[in-house]
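Note sheet for the following structure.
Order of the sequence lines sets the chain letters (A, B, ...), proteins ahead of strands, with each chain counted from 1. When reading the values below, keep in mind they use all heavy atoms of this one structure, side chains included, and skip hydrogens, waters and symmetry mates. Keep in mind it's a predicted model, so treat the numbers as computed, not measured.
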Amino acid sequence: MTDDSALVVADHVSRTYGRGPSAVVAVHGTSCRILAGEQIALVGPSGSGKSTLVHLLAGLDTPTNGVIRWPGLGGLPARLPAGSLGLVFQGPSLLPDLDIAENVAFPLVLSGHPGPSARAAAVMMLRELDLADLADKVPGEISGGQAQRVAVARALVARPRLILADEPTGQLDHASAAIVVALLTDRAHELNAGLLVTTHDPWVAAQLEIQWHMIDGRPRFSQAMVP
Amino acid sequence: MSAGAWLAGLVRRRPGRLAASAAGVAVAVALLASIATFLSGALATMTTAATRQIAVDLQIEAHQGVDPGTVLAAAAAAPRVQAALPVEFGTTTGLRAATGSTIQATGPGVVVGVPPGYGAAFPGELRVLVGDAAGVLLAQQTAANLHAGPGDTVSIGRAGLDAVMVRVDGVVDLPQADSLFQAVGAPAGAQALAPPDNVIVLPAPRWHAVFDTLAASRPDLVRFQVHARLDHHLPRDPSAAFNQVSGASRNLEASVAGGAAVGNNLAAALDGARGDSLYAQILFILLGLPGVALAGLLTATVTAAASDRRRREMALLRVRGATVRTMVAIAAAEAAAVALVGAAVGLGAAAVVGRTSFGSATFGASRSSGIAWALASALAGVVIAAWAIVVPAWRDARRVTVAAARQPLGRQDRPRWMRGLLDLWVLGASGVIFWLTSRAGYRIVLVPEGLPTLSVNYWALSGPLLFWAGCGLLAWRIADALFGPGRRLVAAAAQPVAGNLSATIAASLSRQRRRLSRPVALVALTVAFAASTAVFNSTYHHQAGVDAVLSNGADVTVSYPGNSGPPADLPTALAAIAGVRHVEPMAHRFAYVGADLQDLFGVRAPTIVAGATLQDTYFRGGSARQLMGQLARQPDGILVSAETVKDFQLSVGDQLRLRLRDAASGQLTEVTFHYLGVAKEFPTAPRDSFLVANADYVAARTAAIGRPTNNTFLLTTGPASPVAVADRVRARVGTASGAVVTDLVTSRRQVGSSLTAVDLSGLTRVELGFALLLAAAATGLVLGLGLHERRRGFAIARALGARPRQVAAFVRVEAATITLVGLVLGALGGWGLTEMLVKILTGVFDPAPSGLTVPWGYLAVMGVLAVVAAAAAAAVTVRATRRPIVETIRDL
């Protein structure tokens with residue numbers, strides 16, 4: 001397996017916030033890659049740089065040093081095919097002015113799907129997550145746990161090839177967390193997508209094939225690590 | 001946490017929010033203080049203008065049998081009297097003059113005796129045209145009638161006595177003949193006397209030599225007056241000045257114990273000015289207060305744009321144990337800082353505006369009133385800041401739980417006012433008030449002639465103010481309906497910009513409609529305010545011009561009063577003068593309608609409409625062109641005033657027999673006309689009653705064919721300056737001809753109400769400038785802040801894969817919808833509001849306008865400015881969405 005077949009490749013990537021003595025190194029000289037079908041748990045304590053690494057891998061942030069590439073997704077983040085990357089954020093991330101179905105359909109609409117078919121697909125996805133009752137509600141009317149499950153639905157609806165989930169179960173009880181993790185892993189498996197989930201929860205980490213341990217901005221790879 | 005620490009944090013972390021709120025307060029304070037500056041200046045101008053135009057302040061006429069010396073002594077000793085001189089009036093049976101081989105004679109006239117120094121004491125009363133001011137002076141019209149000038153001899157006829165010969169030393173103009181020959185002591189409302197046609201002024205000793213004998217035998221033919229000049233250091237407010245001058249007059253009447261009547265010319269002038277001063281104050285209320293209210297709404301909207309974040313901040317404070325009192329104190333500290341900065345900036349801006357627009361940086365007529373206005377303006381800023389910042393914080397602190405505050409908002413119910421149809425109730429109330437107060441005979445300002453009390457129907461002012469507020473609320477409702485049930489329409493309109501995102505964007509706007517409807521209402525209110533102010537001002541200035549044209553007749557008017565006629569070649573000579581584009585001749589004569597003597601204007605019907613720029617509002621029963629067309633087709637047709645129609649119960653087609661003086665016999669002869677329609681106004685005509693007929697028909701029926709009957713010439717100057725053309729005309733016709741040459745520019749300054757005379761252009765500039773500022777702020781600032789608060793949503797959209805153009809589509813559709821809907825609804829509201837204002841303030845207009853004068857240029861600038869401001873806000877937001885996504889999400 002070469003880098004060219006990887007979905008995303010990080011090559012000696014660092015991310016430093018601030019300058020001078022007060023500078024904080026969130027990610028330190030990291031090299032990694034995610035292949036199609038890989039399911040990875042990125043675990044580590046708070047402040048270890050998990051979210052920063054996810055943001056860098058998602059193209060939401062720019063590394064201070066090193067290079068990120070998405071050879072398996074088509075190139076640069078700004079030119080990634082819409083819907084090829086599914087993202088779940090750590091905090092509330094639903095668009096407050098759209099109803100739940102519209103939120104879930106949003107990546108499809110952005111990628112050019114007509115509104116009605118995008119909504120139908122979104123409702124179907126919500127049904128799979130047992131969230132169909134929420135379709136017409138707005139984010140302000142649902143709980144934090146429900147919002148997180150909706151965010152997962154939104155990340156999956158466009159059938160992405162790479163799924164990056166930042167603490168998707170952080171606000172969920174165990175039962176809900178189990179549903180979300182199962183959904184992510186099952187759907188990633190079904191799509192042969194790469195999956196990276198950050199978590200503190202050992203149970204959640206154990207549900208994934210590979211664990212990366214993030215310590216002081218550096219991941220330690222416990223299995224299948226390919227630098 | 002202390003309020004000071006919170007405030008310091010705000011200054012460091014949210015300087016934009018504080019600055020925007022302070023800017024809103026500054027606009028309100030600056031507008032209020034600027035208008036106060038204008039108002040104080042305008043009132044002072046009115047008083048000054050009213051006092052300046054008076055030549056003799058008081059004319060104290062001794063009753064028959066009262067010693068004139070006693071009256072003179074009392075007048076001279078009266079408080080505020082600076083000069084008092086005796087003036088005598090004697091009635092002559094007629095004047096005769098032999099010049100060359102001809103003898104000219106006049107009818108009865110008046111001989112005025114003035115003491116030495118009169119001209120110096122009352123310089124405006126006698127204007128010497130030629131000759132020696134200290135000698136015998138012929139009035140200009142009399143000199144023309146007698147064909148006499150300096151050096152000629154005139155005989156003064158005396159009832160029952162021999163005529164007396166005097167040698168003329170000069171010719172004099174009597175600019176204020178109306179007041180000079182007034183019936184002193186006539187009851188209020190009595191018809192004014194026309195000044196005599198023939199007047200000769202004698203030095204007092206000569207007058208006594210001529211009339212003392214007559215006075216002994218016919219005391220009814222002589223009158224004794226004392227002319228007095230008062231101290232003109234009067235209060236700047238015309239009402240206060242009127243009361244002071246009236247008091248001085250009554251004091252004088254009391255001191256002569258009923259032995260004399262006082263004609264108070266100064267009070268009469270101030271009487272008109274005080275009514276106009278009230279109109280100025282009403283303009284302040286109608287044009288100024290909405291601006292201040294808008295600035296307040298703007299501040300509140302700016303503050304509300306960050307309300308969600310503020311609520312979350314307050315929730316954090318509550319978690320840390322802050323009480324309601326603490327949170328209100330924190331908000332009060334923020335409001336105080338905003339008010340302090342806003343008031344300081346606003347007062348400074350008002351001082352600059354005042355100096356540049358009105359020539360004064362003070363906010364009141366006096367030092368104390370200036371301080372009072374400054375404090376009042378600053379207080380308005382404090383109230384606005386408290387209303388915009390403290391009240392919402394207090395409400396949130398009492399009602400919002402920590403958990404609720406930290407949650408994003410769900411669906412919001414329709415506001416209570418919308419459910420209760422408050423907008424329709426307000427508009428209905430406005431309509432009822434308007435109907436009640438605009439019925440026939442209504443006047444918003446009631447100035448009982450001569451009485452110190454004035455009344456303003458402030459109730460009537462609530463009509464347009466309620467209409468404006470109702471329009472704002474209705475715009476809110478319409479926007480709410482458009483964004484909600486009408487979202488398909490928005491989606492269809494957004495399709496070209498947003499493509500397949502249009503439905504999603506429309507859905508997003510639909511969920512935000514409670515938030516978006518507010519700026520729409522604000523834009524609509526601002527546009528309505530700006531448009532109505534601009535249209536009202538334009539209409540006002542246009543009508544002031546029409547008023548001046550009506551009074552003066554044309555750009556330049558040449559008239560030959562009395563019997564003096566122009567040379568036959570005058571029209572040709574006038575047309576040849578540089579700058580004269582058209583000469584329209586008229587024959588001004590007098591005719592008896594029954595026992596009433598009325599002005600009769602003989603016109604050239606086919607050319608008078610264009611030549612005298614006649615407006616349709618001058619007539620009733622047809623347009624100017626229609627009625628003049630009828631007059632051209634029917635030679636004996638005649639247009640009469642509404643008063644005459646009523647008095648004589650005329651119907652169209654009725655025969656009207658007038659008596660006119662026959663040119664050949666000099667006797668009155670009966671001429672038959674047929675009533676065609678009503679003329680309400682006519683160039684150079686008096687306001688009450690007059691007649692308009694065909695000049696040729698009148699000339700034919702009064703044996704005047706071949707005689708120079710046209711004695712008034714209306715000159716159109718086109719682009720040339722009326723003042724310059726008038727000077728050239730004067731030089732051409734010469735002063736000795738008796739011709740009176742007047743121009744529009746000078747007339748505009750002198751005639752009409754003093755409100756018209758007050759230069760409103762400064763107020764207009766300030767009002768319209770503020771309106772533009774508010775329009776730009778209401779669109780750009782409010783929109784920009786609203787979009788700014790939603791950066792997180794846009795960042796998430798980008799994180800989910802939205803291209804920059806797709807995020808920009810969200811921003812642009814929102815900006816365009818708010819701006820366009822606000823502009824359209826505001827324009828409709830502004831049109832209705834202006835119609836209402838013009839009707840309510842009909843007393844300001846003289847004559848009433850036939851339609852609104854729309855300043856398209858200004859309105860276009862306002863529209864473009866609003867669109868540019870919105871586009872700029874959208875562009876800034878779009879640029880901000882290109883920041884690194886994580887930074888934006890983390891910061892928020």
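Here L108(A) contributes atom CG and L800(B) contributes atom CG; the two are 11.0 Å apart, rounded to the nearest 0.5 Å.
Other residues, nucleotides and ligands contribute at most 12 non-hydrogen atoms within 6.0 Å of the CZ atom of R416(B). Environment of CG in N192(A): crowded, with over 12 heavy atoms of neighbouring residues, nucleotides or ligands closer than 6.0 Å.
Exactly one of T504(B), L501(B), V807(B), N500(B) qualifies for a side chain to side chain contact (heavy atoms under 4.5 Å, CB included) with L110(A). That residue is L501(B). S508(B) pairs in a side chain to side chain contact (heavy atoms under 4.5 Å, CB included) with only one of the listed residues (L95(A), D97(A), D99(A)), which is D97(A).
R154(A) touches chain B through its side chain: at least one heavy atom from C-beta onward sits under 4.5 Å away, while N, CA, C and O do not. For L98(A), the parts lying near chain B are the backbone and the side chain together; criterion is any non-hydrogen pair under 4.5 Å. If you measure heavy-atom distances from A503(B) to chain A, you find no contacts under 4.5 Å at all.
Contacts between residues 472-490 of chain B and chain A, counted as heavy-atom pairs separated by less than 4.5 Å, involve R487(B).
Summarising the geometry of E102(A) relative to A507(B), their closest heavy-atom pair is OE2-CB, 3.2 Å, with the distance given to 0.1 Å.
Taking the side-chain hydrogen bond (donor to acceptor under 3.5 Å, both in side chains) definition, one finds that T16(A) meets it with nothing, sequence neighbours left out.
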